[in-house]
Asker: 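Mind looking over this structure? Questions follow.
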Amino acid sequence: MRIADQSIKVLEDNLKNCGLYVKFGSFTVRIHSDIPSVSELVNHFYAIYPCASGDEIIDFHIGIEKPKGLRRWYRPQSLFSVDGRLTFQPYPVEHAFPALEWGINWCIATRAHHLLMLHSAVVERNGNAILFPAWPGHGKSTLCTALVHSGWRLLSDEFGLVRPEDGQLLPIPRLIPLKNESIDVIRQFSPGAIIGPSFYGTRKGTVAHVRPPEDSIYRMDEPAKPRWLIFPRWIANAPLRIEPIPKSQAFLMVATNSFNYDVLDQTSYRLVTDMVNNCDCHTLVYSDLYEAISAIDDLTRIGHE
Amino acid sequence: MSKTDSETRRANQLLLEAIQSPEKLPSLPLTDWDLLIRVARRVRLLGRLEADLSSMGLLDNIPSKAAEHLRASRNVIEHRRTLVTWEINRILWALKGTDVPLILLKGAAYMMAGLPSAPGRLFADVDLLTPEDRVLELEEKLVSKGWYKTEIDPYDDRYYRVWMHEIPPLRHRERGTEIDIHHRMLPRTSRLQPDPALMIEAARPLAEPRLCILAPADMVLHSMVHLFLEGDPVEGLRFRDLLDVHLLLCHFGQESGFWESLVPRASQLGLTRPLFYGLRYSEQFFSTKIPDFVQFELWGCKPNWLVRTLMDHLVPLAILHGHPDYPNSWASLARWLLYIRSHWLKMPPLLLVRHLSYKAYLRLRGITKKVDLAQLDLRQQ
């Protein structure tokens, strides 16, 4: 069953009362909310995501709700909670939806220590995945969004989830938050992309969410094997440069850009070593998305043959 | 019975039974697992469940989703153990050539001594006890070898130096682990004043002879002091600390002479009241086997009827957290009252009013730390 299989009335009712159960890859989240803009956007963005039934183990029980006191009415706020605990800064009620999206990521990053979590976008074609580990501002989300609207499947724009048992990458196809100039870049690049409203003046500037293509959502239970490591960097007006780098350097760049490399200790070392050994490793400097994507296509075709 | 009451009872029952009889967990229905994971995480006992199931070889017999959550928690705990073990190693290196006594307390002591309260226990800091006249030397030595005094506001610094039983934490420049150096069990202002010299004198060396742990009776008494006097207003009494008390009693209870020494030692240190409560609630929650003569010896030190009845109502309310979706306001009140009580015992009234007003002022101004979701970055771990 998918979220859209219920009427918006039922969805709103669930959000307010027993909670709405949504599956994102291997994670199940139960969401509570009494904020109208949240139910509207949940209905818009999550429509084709699968529902969970409620009689199973839920990974995160979360809420994004109006506060009880004065700030419910005066310059109203929204509060994110996990298991009923309100340990997060409040957001203006207009930013409730981005706060919900950030909150779910926060839950994954701070709790999913059964997996190695790399800070990386991941896309897949023909069973082979490219990882794009990158620091914030290096254009990872923009490039990833463009790729998934050009025939690649989205596993994640934020988390490279590595399963310790076999080193496979687990999909977590969540909404992609685009920031500032990237929003218009993607609107032009891919007019068919499902992009939500822009949220102005958030702590990360202007944010708009892109829903992953249907195929990425329908195949959220299909893992992929890592085949390429590409370290992207967007630099204005820079000519395209795609260059192989030594595995030792790739190892360090992956290991130091992880949410929990140190928590998994020796397991992390083994997983990243295997990954680097099995992947072709490149750096990519780009300013033009079309050039970057065709270079990635060329590179992965050669690698694939 | 209201929905909140019945759900509170259900959640508490689930947690208690899981801790008392982990062997029954494989037959637990999925919806109960869902609640158990939430409740156990809240009181930081997911790791304990993992350790229990693992020692019984039952980890493959539980739902895979539950196993994932338990494994995640074990990974964090093992990582912390590595960090703390390494920190202790570095402390010993930094203190080479000095003879400052180093007595490990709480989690680090349980771990280094391999006590049954160690497996699955989450802890982050190294707590040390050393004689007060050696604190400065210890602090200076560590600072000269790469640790620094964590930056705290002047109020807190004064709070530590003038009133407390420990100095502001030290942290190494390259590592996150904190070292808390204590020179007594309880703040200077506390009404209970167990003599630290007696405890330091009785401490026992570990395999690494430069490190000591408290003698059994002292360790048990310290775990009780920690339980009843170091709560916080939100968490209330920590259920995991009561579990420590139970596990230590079971373990040391088998040593000859332990039970005979317990009440006399408590009298000598002026800690018969925490001992009374510790034994009472350990027995109530975990059916700890306590010899009759110990109960008899303590009978003379029991609190009056009114206080006892009040504590018997407050402690069970405060110590278990109920169902996260059905917050129980009586439990919050009980936690708050016990928090006030613990401060009442630690500070004279005027100082207490001053201290709590300052903390309330901070809360009101929103200075208390809250997580910014938008700043999800790699340093939050």
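Chain identifiers are assigned alphabetically (A, B, ...) following the order of the sequence lines, protein sequences preceding nucleic acid strands; residue numbering begins at 1 within each chain.
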Asker: With a 4.5 Å cut-off on heavy-atom pairs, point out which of Lys65(B), Arg71(B), Glu78(B) contacts chain A the most.
Answerer: Lys65(B)
Asker: Can you tell which part of Arg41(B) gets under 4.5 Å to a heavy atom of chain A, answering side chain, backbone, both or neither?
Answerer: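 It is the side chain, since no backbone atom gets that close.
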Asker: What part of Ile58(A) gets within 4.5 angstrom of chain B, counting heavy atoms only: side chain, backbone, both, or neither?
Answerer: both
Asker: Please verify the inter-ring angle class for Tyr91(A) with Trp102(A); under 30° counts as parallel, over 60° as perpendicular, anything in between as tilted.
Answerer: tilted
Asker: Under a 3.5 Å threshold, yes or no: a donor from one side chain and an acceptor from the other, between Ser141(A) and Asp157(A)?
Answerer: yes
Asker: Using heavy-atom distances under 4.5 Å, tell me whether Thr82(B) contacts chain A through its side chain, its backbone, both, or neither.
Answerer: side chain
Asker: Picking from Ile37(B), Thr31(B), Asp34(B), which has the most non-hydrogen pairs under 4.5 angstrom with chain A?
Answerer: Asp34(B)
Asker: Heavy-atom pairs under 4.5 Å with chain B - which of Glu101(A), Arg30(A), His95(A) has more of them than the others?
Answerer: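 So the answer, after comparing Glu101(A), Arg30(A), His95(A), is Arg30(A).
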Asker: Looking at side-chain heavy atoms only, is the closest gap between Trp147(B) and Arg90(B) below 4.5 Å?
Answerer: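 The answer is yes, as the side chains (C-beta and beyond) meet within the 4.5 Å cut-off.
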Asker: Kindly compute the distance separating CZ (Arg163(A)) from OG (Ser26(A)), expressed to the nearest 0.5 Å.
Answerer: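 The distance works out to 9.0 Å.
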Asker: Between Phe24(A) and Phe27(A) (judged by ring centroids, cut-off 6.0 Å), do the two rings come close enough to count as a pair?
Answerer: no
Asker: Taking side chain as everything from C-beta outward and backbone as N, CA, C, O, which of these in Pro327(B) sits under 4.5 Å from a heavy atom of chain A? Side chain, backbone, both or neither.
Answerer: neither
Asker: Select one option (side chain, backbone, both, neither) describing which atoms of Asp265(A) are under 4.5 Å from chain B's heavy atoms.
Answerer: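 Side chain only.
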Asker: Taking OH in Tyr148(B) as the centre, count heavy atoms belonging to other residues, nucleotides or ligands within less than 6.0 Å. Is the count above 12?
Answerer: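 Atom OH in Tyr148(B) is packed in, count exceeds 12.
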Asker: Select one option (side chain, backbone, both, neither) describing which atoms of Asp325(B) are under 4.5 Å from chain A's heavy atoms.
Answerer: side chain
Asker: Does the pair Phe45(A) and Phe97(A) meet the rule for a ring pair (Phe, Tyr, Trp, His ring centres under 6.0 Å), with working shown?
Answerer: CA-CA 11 Å; Phe45(A) 276 124; Phe97(A) 189 76; 5.5 Å; yes
